[in-house]
J.: 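One structure, as structure tokens, below. Some questions next.
From a predicted model like this one, the values you see are computed outputs, not experimental measurements. Sequence positions, counted from 1, serve as the residue numbers for this chain. Keep in mind that the numbers below use all heavy atoms, side chains included, and drop hydrogens, waters and symmetry copies.
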Amino acid sequence: MGQERDRRKVLDGTPPVDLVIRRSARARRISLRVSALDGRVTLSVPRGVSERAALDFAAEKGAWIRSHLARRDPAVEVAPGTVLTVLGRARTVRQRIGAPRMGEDAIDVSSRRAVGPQVVALLREAARDALVPASQAHAARIGRTVGRVTLRDTRSRWGSCSAEGNLNYSWRLVLAPREVLDYVAAHEVAHLRHMDHSPAFWSVVEGLCPGWKAQRRWLRDHGAGLHAWRFE
């Protein structure tokens with residue numbers, strides 16, 4: 001039997017709330033989750049429970065949902081004059097004639113094209129330039145080899161590691177302090193040795209990044225703000 005696709009519904013009220021309804025064979029009860037990263041509201045529903053019952057459950061929790069959404073950082077559109085902190089250094093977005101480039105104190109983009117996509121391209125390039133060598137250096141320390149490194153605008157996690165040794169990262173990590181980015185690289189590389197979060201895994205992380213607890217706390221406290229930037 002094929003997996004059911006997620007369905008999208010709107011929870012009426014003030015304000016209306018977009019819901020993602022996800023059928024789960026493992027779920028034993030209806031549950032709600034509000035993503036701290038992008039505010040996505042997911043309603044997990046066991047098989048056999050009607051969509052109407054799930055929506056009624058969400059309606060009962062409407063105040064709880066909206067209170068969580070209200071605490072999120074407001075979205076900020078990137079435009080000329082926006083100051084972005086890239087790897088711990090403040091850089092101002094500027095429109096100029098010529099090719100886009102990342103400078104020491106500025107992010108210069110062409111005045112002939114939309115600003116957001118140009119800034120994203122430069123941020124992705126900077127993220128790759130930081131994450132690839134960090135991953136390779138950590139892997140060498142534990143006698144492992146990194147496979148392919150992919151950058152995406154992931155919403156549910158900052159990084160992941162496949163069984164084949166391929167690493168996936170959110171390019172938005174380049175907007176975090178460099179030591180935070182380095183922690184995520186160490187975390188994913190540690191999965192090359194342990195594909196779990198066992199004490200043995202965290203021991204490897206500790207060896208690669210002794211300050212990992214502070215960096216993980218930074219992501220928990222400030223990570224949602226990295227997703228508040230909009231580049232449309």
J.: Would you say the ring centroid of H187 lies under 6.0 angstrom from that of H138?
T.: no
J.: Please report the C-alpha distance between D105 and R89 in whole Å, then the side-chain angles of each, then the deciding distance to 0.1 Å, and finally whether the salt bridge (Lys or Arg N to Asp or Glu O under 4.0 Å) criterion is met.
T.: CA-CA 7 Å; D105 301 303; R89 190 179 186 105; 3.1 Å; yes
J.: Report, as yes or no, whether the 6.0 Å neighbourhood of atom CZ on R52 holds more than 12 heavy atoms from other residues, nucleotides or ligands.
T.: yes
J.: Quick one: does P100's side chain get under 4.5 Å of R113's, heavy atoms only?
T.: yes
J.: Verify the cluster assignment for V49 and L32: are they in a single hydrophobic cluster under the rule of side-chain heavy atoms below 4.5 Å apart?
T.: yes
J.: Please tell me whether V20 and V17 are part of a single hydrophobic cluster in this structure, the criterion being side-chain heavy atoms less than 4.5 Å apart.
T.: no
J.: Give every donor-acceptor pair under 3.5 Å between a side-chain atom in residues 205-220 and any protein atom, sequence neighbours left out.
T.:
{"from": "E206", "atom 1": "OE1", "to": "W212", "atom 2": "NE1", "distance (Å)": "2.7"}

J.: With no hydrogens and no angle check, just 3.5 Å: does a side-chain donor-acceptor pair link Y169 and S135?
T.: yes
J.: Can you find a heavy atom in the side chain of I107 that is under 4.5 Å from one in the side chain of V86?
T.: yes
J.: Could you check whether any side-chain heavy atom of S44 comes within less than 4.5 Å of a side-chain heavy atom of I30, counting everything from C-beta outward?
T.: no
J.: Are the side chains of T92 and T82 in contact, using a 4.5 Å heavy-atom criterion?
T.: no
J.: Under a 4.5 Å side-chain heavy-atom rule over Ile, Leu, Val, Met, Phe, Trp and Tyr, are V184 and M195 clustered together?
T.: no
J.: Without swapping roles, check the side chain of R193 against the backbone of I142 for a donor-acceptor pair under 3.5 Å.
T.: yes
J.: When you compare the side chain of V120 with that of W171, does any pair of heavy atoms fall below 4.5 Å?
T.: yes
J.: Take I65 and L11 through the side-chain contact (heavy atoms from CB on, under 4.5 Å) test and state the conclusion after the steps.
T.: CA-CA 10 Å; I65 294 170; L11 180 65; 4.1 Å; yes
J.: In terms of side-chain geometry, is the basic nitrogen of D6 or R23 positioned less than 4.0 Å from the acidic oxygen of its partner?
T.: no
J.: Hey, are D108 and R94 close enough for a salt bridge, meaning a charged N less than 4.0 Å from a carboxylate O?
T.: yes
J.: Any link between V76 and V119 through a network of hydrophobic side chains (Ile, Leu, Val, Met, Phe, Trp, Tyr) touching at under 4.5 Å?
T.: yes
J.: Quick one: are R152 and S170 in side-chain contact, heavy atoms under 4.5 Å?
T.: no
J.: Sequence neighbours left out, what pairs pass salt bridge (charged side-chain N to carboxylate O under 4.0 Å, His left out) with at least one residue falling in residues 159-185?
T.: D153-R172
J.: Kindly work out whether a path of hydrophobic side-chain contacts (I/L/V/M/F/W/Y, heavy atoms less than 4.5 Å apart) joins W64 to L19.
T.: yes
J.: Please tell me if the side chains of P80 and V115 come closer than 4.5 Å, counting only heavy atoms from C-beta onward.
T.: yes
J.: Step by step, would you call W158 with H227 a ring pair (Phe, Tyr, Trp, His ring centres under 6.0 Å)?
T.: CA-CA 11 Å; W158 295 108; H227 285 275; 5.1 Å; yes
J.: Pick one: which of R22, R7, R8 meets salt bridge (Lys or Arg N to Asp or Glu O under 4.0 Å) with E51?
T.: R7
